[in-house]
**Student:** 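Before we start, here is the structure in question, set down as structure tokens.
Each chain gets a letter, A, B and so on, in the order the sequences are listed, and its residues count up from 1.
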Amino acid sequence: MYKDVSSKVDFIKLEHKQLKFWEKQKTFDKLREQNKDGERWSFLDGPITANNPMGVHHAWGRTLKDVFNRYHSMLGQKMRYQNGFDCQGLWVEVEVEKELGFKSKTDIEKYGIEKFVQACKDRVKKYSKVQTEQSKRLGYWMDWENSYFTMADENNYTIWHFLKKCYERNLIYKGHDVMPWCPKCGSAMSEHEIATEGYKDLTHPTIFAKFYLKDRPKEALLVWTTTPWTLAANTAAAVNVDLKYVKVKQNDEYYYLAKNLTDILNGEYEIIEEFTGDKLLGLKYTGPFDELPAQKGVVHKVIRWDEVSEDDGTGIVHIAPGCGKEDFALSKENDISVIAPINEFGIYLDGFGELTGKNAQKIASEIFATLKSKEILYKRDQITHRYPTCWRHGTELVFRLVDEWFISMDVLREEIKKVVGEITWIPSWGYDREIDWLNNMSDWMISKKRYWGLSLPIWECDECHNFEVIGGKDELKERVVDGWEQFEGKSPHKPYIDNLKIKCSKCGAKMNRIPDVGNPWLDAGIVPFSTMNYISDHDYWEKWFPADFITESLPGQFRNWFYVLLAMSTVLENTAPFKTVLGHALVRDEKGKDMHKSAGNSIPFQEAADKMGVDVMRWIYSAHNPEHNLNFGYKIAKDARKKMLTLWNIYSFYITYAEIDSYDPTKNKITNDDLTELDKWVLSKTFQFVEKAKKNYDEYKIGRLMRDFEVLIDNISNWYVRRSRRRFWKSENDTDKYCAYHTLFLSLKTMILTMAPVIPFVTDEIYQNIVLSVDKKAPESIHLNSFPKIEKDLIDEKLSAKIDTIIKMVGLGRASRDKKNLRIRQPLGKIFLKLKNEHEKEFVLDLKDQILGELNIKNLEIVDNVDEFLNYEVKLNFALLGKKIGKGIKTVAKALETIDTDELVEKIKTGESIFINDVKIAPNEFIIDIKEKKDYSAIESNGYFAIIETTITNELKEEGIVRDLIRNIQTLRKEADFNVEDRIMLGIKTCKSIDDAIKNNKEYLKTETLTKSINKEVEIVDIEKEIKLNGESINISIQKVERG
RNA sequence: GCUUGGGUAGCUUAGUUGGUUAAAGCACUCGACUUAUAAUCGAGAGAUCGGUUGUUCAAAUCAACCCCCAAGUACCA
């Protein structure tokens, strides 16, 4: 009837079997069919970059996604199950460049943009397939045929629609500004990119230079710079008008600098004059590179800047408006020239003399030499500071004046912040974090001078500098005046789209598309619209928007996915695109270190799946508090596997005996009234668990769910099954036995149904055997079942408390046996228990037999006073008292010996302080030791006492001997490969005392070992062994007889 | 620097609105069991809950300050 279950389970093999089963049976399709009319639950998948195989960190997020999807499908809800792949952007370009061995943009241009873009598309296709297969292996149930790709036309054109909206609101502008720039990428870096992993501590050479004042020979401003290469672009010097400055004399020259920064001066100096910064304003000076053609006609002067501080340098700041953001801003406020010295690869442009054609970042020493020869170098030094670098190349960024496109955040910021409040953030501090980012976020740079990505739909007029944004494919077609035939049928990517011209609505000239691609986060941010057919099927979109739930890795997404989702949704609909977000932290290695391929501690998903199995992985992910980083590895996998094995063992135990007795749960006639208290208890625990589980799933707290589950399987395994074993073993098929089967079956089934979303493989395997083997009408997979109903009638709080008391008392009893090395097999006469209240007394008396059975003790008595079993010994707490009374403690200790201990204990217990030799001693300054009297073993815990009588009578001793004998016989039966239910004949040859023991416990021995008769020897010896017991030898021989 | 989160046993973590003697798993020590067995079970030891001060009858929990860790954010000359 049932399928045999090995207790040596291979979870990984089982998972592969299950995967095949689901595929063959199209279980997932059946599930969707089953729920097609259900209430909608909208989950939105954050796209995974389809650029490499999955790592174990991806599996965490995907497990969470799957767990909640599965839970909601068990509630009968209808879902979209759409997975997403992130396709466009520099990430992919980087990998393709590596593949092709490219070093710079020039290599790409040579190779051909069309071919390069195709290679990017191909890479995405390749890895989206790999990730799809890996996700399936994880048990992630999604509509894999219909994953969305952010490179899809629908996605790109919906972004156009969004950009058009921004354009209509006047939010899009072309910024002519200084941006952090990577000379290797040949591209500007946006704020998101630098913030992520940009800043590094770097040491740079610094220069103190002398800027001689015009018309004041021998007088110079001292300025400081950490970027010597920018000196060639200097056009001004800035001071803070409120700071104190000084003019100092050194040798025969005069220098100006901030009063509080004179420490930087070399050697002796004399202060000539002191004044505030405004006195310096407007002074003209000779720039350090005035002879360069690029500097021709530039008037260098001192300007005002309130940000100048006295923390570093000289208090006079070198200003190069073509090389610094603030500098550039100052150039707009003041009438100073702007010089942009370098090209996109960081090379000096024409007009910089000797410097032209040289790499700006590698000429510090040349600059020193030049300044020195001009005698305007004051001194050099170095500084270690945090400096922005490229996340991709690690190269130091330069600051370069460029044209980039931006979405203005000034107005949007507040609108988005309002929307953020509509969302439930888990953990709740996510809200603050997002607001914090929004407060700090400056305008969003959406352009990138690269190749593979969204083509920004911005057309610019060379004639009148007008620009226009196109909002979709239809509009494009309408506006295009040139090149549509070649474009038709192509995706809106470079290079195809670059040839399209439209007519300028202002001057009528032909407009060109700007060559830039878009920020890839636009791609991911639009998905609540594009994938839900915002434009093509608005009805559908309205049904699924906003998403009920998203879950992603926390740290980065506040400024990435969450941010762009919010920004785009605010512009388009002024509402949040999701209701609840669950964030999870990062995966680390077992020691808590970052996983890196280069460090050799990273675990690819595939390896983990092959070695530990995905149920184990899912268990680990689910059990972890997602707020904290997860230390992932094979050691914690072993722990999780062990817990899963406990579940498996309960199952395997059930099957072993249910099979022997041909128990069929569908023919069950047991009613609740038939059940024993223990049965009721375990069912109560089970349904209490279901009740809490539902709440935990609903609140996205599966860490708690897993903890409760672990406690439950421990309860079932270590108490219910252990206490009930005999009911399963016994030969009569009575109601009591069926109650046990019924209970274990119901509990197990309920439990696996509750846990199916978390560990879908092992639960389906168990389900198919315990349920499907006997009930052909049941759904063919556990995943086609509903979430279990909470049987309130079966929940009994009082009963739970009752059994918990019993378990506690048994624990104490064991401890007191342990203390005197009295093994469980040796029966003992009596145990005394001291409890705390009447309830507990009632519980214990009621379930006295269970305690006695569990502890192998004959009698139990509840006592209120334990004094007759115990002696107290009172000592001083030297650690505490020593500090207080110092030397006197010795005399106090002596005096203590003369005081009656019992009286003292009495007083201490009431909390009275005691005076010894006029020293007041508080109760906690005593240490009370409990020593049980002879013939007792006592254990105290939290005011509960368990005291056992340790005297062993002859009768008890004999019983102990027989128990030992039974154990040996059982071992022999096993060695001889007898079945559990085989009957035997027993031959025992031994001394008289043991013979007597057997005689006095004959029936007991026979029942336990399924023995028909006991003699000195048997006719046919199936197995025989000589053992030693209590120093006497025993010869045991066994013969198997036919059953019956 | 600023913002947020955190610091609980050797390790990884629980600890819901303050409320008896701070919980679990792993590791460790000892023991039991041998009909869930390349399993299983029990017991023990182990924490002044980062520090100091305060509020309170009562603080791991609330407040203030300080010290560490993580994340975010700002960084210029």
**Student:** Name the closest nucleotide to the A:Trp429 side chain, picking from B:G5, B:A77, B:A14.
**Tutor:** B:G5
**Student:** Could you tell me whether A:Arg814 contacts a base, only the sugar-phosphate backbone, or nothing, with contacts defined as non-hydrogen atoms closer than 4.0 Å?
**Tutor:** sugar-phosphate
**Student:** State which of B:G42, B:U73, B:U40 makes the closest approach to the side chain of A:Asn649.
**Tutor:** B:U40
**Student:** Taking only the side-chain heavy atoms of A:Asn631 (C-beta and beyond), determine which of B:C76, B:U12, B:A43 contains the nearest atom.
**Tutor:** B:U12
**Student:** Contact class for A:Val223 (heavy atom, under 4.0 Å): base, sugar-phosphate, or nothing?
**Tutor:** nothing
**Student:** Tell me every residue that passes side-chain contact (heavy atoms from CB on, under 4.5 Å) with A:Asn769, counting only those two or more places apart in sequence or in another chain.
**Tutor:** A:Tyr2, A:Lys3, A:Val5, A:Tyr651, A:Ile655, A:Ser773
**Student:** So does A:Glu854 pair up with A:Arg722, basic N to acidic O under 4.0 Å?
**Tutor:** yes
**Student:** Taking Watson-Crick (N1-N3 plus N6-O4 or O6-N4) and G-U wobble (N1-O2, O6-N3), each under 3.5 Å, can you produce the dot-bracket string of RNA chain B? Use [ ] for crossing pairs and | for inter-strand ones.
**Tutor:** (((((((..((((.....[...)))).(((((.......))))).....(((((..]....))))))))))))....
**Student:** Looking across every strand, which nucleic acid part, if any, lies under 4.0 Å from A:Asp327 by heavy atom: base, sugar-phosphate, or nothing?
**Tutor:** nothing
**Student:** Give a yes/no answer on whether the side chain of A:Asn625 brings an N or O atom under 4.0 Å of OP1 or OP2 in B:U13.
**Tutor:** no
**Student:** Measure distances between side-chain N and O atoms of A:Thr230 and base N and O atoms of B:A77, and say whether any donor-acceptor pair falls under 3.5 Å.
**Tutor:** no
**Student:** For the rings on A:Tyr621 and A:Phe632, is their centre-to-centre separation under 6.0 Å?
**Tutor:** yes
**Student:** Report yes if a donor N or O on one partner sits less than 3.5 Å from an acceptor N or O on the other, where the partners are the side chain of A:Ser309 and the base of B:A77; otherwise report no.
**Tutor:** yes
**Student:** Test: side chain to side chain donor-acceptor pair (under 3.5 Å). Region: residues 221-236 of chain A. Which pairs qualify, not counting sequence neighbours?
**Tutor:** A:Thr206-A:Trp224, A:Thr225-A:Thr227, A:Thr227-A:Thr230, A:Thr230-A:His318, A:Asn234-A:Tyr285, A:Asn234-A:His318
**Student:** Can you tell which of B:U35, B:A71, B:C41 lies closest to the side chain of A:Tyr657?
**Tutor:** B:U35
**Student:** With rounding to the nearest 0.5 angstrom, report the CD1 to CD1 distance, A:Ile857 to A:Ile831.
**Tutor:** 4.5 Å
